[in-house]
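Worksheet for the structure shown next.
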Amino acid sequence: MKKFILILLSFCIVAIAETEYAEPKPSFDNPRLVVFSVTEDSPHAFNHILSVASNVVKYYGADNINMKIVAYSKGLKLLYKNNVDTAARVDALMQMDVEFVACGNTMRTYKVKEEDLVEGSVVVTAGVVELLESVKSGWTYIKP
């Protein structure tokens, strides 16, 4: 029985171990570069991406990470300023220097104007191209 308890305790210790940073460790001069995308129009998708982004910023600290969230297709609704479910959370992440990027092609397709978006949103020609170029420039793409 003592062996079983010792084994169980060792698994518990491993389960709560801190994540170790890969080299080079994140810093102000060498921040982690993370890009997310959102393409779905659902409360679950919006809450999930905003929660994950918030958790990552909290973990690394705003000075040790550069993050952008690219919204295209139906995910563009994340950035609508009249989206009462997300506008305040998007603004809070913007205050932590998270960049929110809107797809200009999607905006044209859905007839969305820049003034319809949360203030501070960055509009690019094509969201998917923004993702591709970010990855080619060393950003890590995460699709939660």
Side-chain angles (χ1 to χ4, degrees), residues 4 6-144:
F4 175 74
L6 288 174
I7 291 171
L8 185 60
L9 283 174
S10 67
F11 280 122
C12 289
I13 291 169
V14 170
I16 59 171
E18 272 300 309
T19 301
E20 290 187 34
Y21 292 120
E23 292 295 334
K25 293 182 179 171
S27 66
F28 181 80
D29 295 327
N30 190 32
R32 293 291 190 251
L33 306 173
V34 181
V35 60
F36 294 97
S37 70
V38 59
T39 60
E40 298 175 44
D41 169 20
S42 76
H44 172 75
F46 294 162
N47 286 323
H48 187 63
I49 194 80
L50 295 172
S51 293
V52 169
S54 179
N55 288 339
V56 171
V57 171
K58 286 177 188 173
Y59 184 84
Y60 285 103
D63 289 340
N64 299 324
I65 190 160
N66 289 348
M67 181 185 295
K68 56 184 156 181
I69 298 174
V70 181
Y72 63 101
S73 186
K74 294 180 180 183
L76 183 66
K77 289 183 181 180
L78 172 72
L79 301 182
Y80 288 5
K81 70 177 166 189
N82 67 356
N83 187 338
V84 294
D85 295 326
T86 61
R89 291 180 73 193
V90 168
D91 184 61
L93 284 166
M94 283 181 172
Q95 298 305 315
M96 292 186 271
D97 294 325
V98 174
E99 182 178 18
F100 284 84
V101 180
C103 174
N105 288 338
T106 300
M107 290 174 67
R108 278 189 297 285
T109 299
Y110 293 137
K111 297 178 178 32
V112 175
K113 297 181 176 101
E114 198 165 341
E115 57 265 18
D116 298 330
L117 303 177
V118 173
E119 188 175 331
S121 299
V122 176
V123 178
V124 297
T125 303
V128 72
V129 173
E130 181 70 17
L131 287 173
L132 175 61
E133 292 304 315
S134 295
V135 169
K136 292 296 287 177
S137 298
W139 291 64
T140 301
Y141 173 61
I142 299 174
K143 176 73 171 156

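Numbers here simply count residues along the sequence, with the first being 1.
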*Scan residues 39-58 for pairs that pass ring pair (Phe, Tyr, Trp, His ring centres under 6.0 Å), counting only residues two or more places apart or in two chains.*
His44-His48
_side-chain contact (heavy atoms from CB on, under 4.5 Å) against Leu132, all qualifying residues, sequence neighbours excluded_ = Lys136
*To the nearest 0.5 Å, how far apart are CD in Glu119 and CG in Leu79?*
13.5 Å
*asked:* For the backbone of Glu115 and the side chain of Lys81, can you confirm whether one donor and one acceptor N or O come within less than 3.5 Å of each other?
replied: yes
_Ser42 versus Ala45, closest heavy-atom pair with distance_ = OG-N, 3.0 Å
*Output the distance between atom CG (Asp85) and atom CG (Asn82), rounded to the nearest 0.5 Å.*
10.5 Å
_Using side-chain heavy atoms (C-beta onward) and a distance below 4.5 Å, is Leu78 in contact with Asn83?_
no
*Got a sec, which residues hit ring-ring contact (aromatic ring centres under 6.0 Å, His included) with Tyr80, two or more places apart in sequence or on another chain?*
none
*Rounded to the nearest 0.5 Å, how far apart are CE of Met67 and CZ of Phe100?*
9.0 Å
When the side chains of residues 102-114 are checked against the rest of the protein, which donor-acceptor pairs come out under 3.5 Å, sequence neighbours left out?
from: Asn105; atom 1: OD1; to: Arg108; atom 2: NH2; distance (Å): 2.3
from: Asn105; atom 1: ND2; to: Thr125; atom 2: O; distance (Å): 3.4
from: Thr106; atom 1: OG1; to: Ser73; atom 2: N; distance (Å): 3.0
from: Arg108; atom 1: NH1; to: Gly104; atom 2: O; distance (Å): 3.4
from: Thr109; atom 1: OG1; to: Asn105; atom 2: O; distance (Å): 3.0

_Interatomic spacing from OG1 in Thr140 to CD1 in Ile65 - rounded to 0.5 Å_ = 9.0 Å
*Could you list all the side-chain hydrogen bond (donor to acceptor under 3.5 Å, both in side chains) pairs where at least one residue sits in residues 51-72, not counting sequence neighbours?*
Ser51-Arg89, Lys68-Glu130, Lys68-Ser134
*Could you tell me which non-hydrogen atom of Val56 sits nearest to which non-hydrogen atom of Phe36, and how far apart they are?*
CG2-CZ, 4.4 Å
*Report the residues that fulfil salt bridge (charged side-chain N to carboxylate O under 4.0 Å, His left out) with Asp41, sequence neighbours left out, ordered by chain and then residue number.*
Lys77
_Between Val35 and Val70, does the side-chain contact (heavy atoms from CB on, under 4.5 Å) criterion hold? Intermediate values first, please._
CA-CA 7 Å; Val35 60; Val70 181; 3.8 Å; yes
*So do Val118 and Met94 actually touch side chain to side chain, heavy atoms under 4.5 Å?*
yes
*Val123 side chain near Leu117 side chain, heavy-atom distance below 4.5 Å*: yes
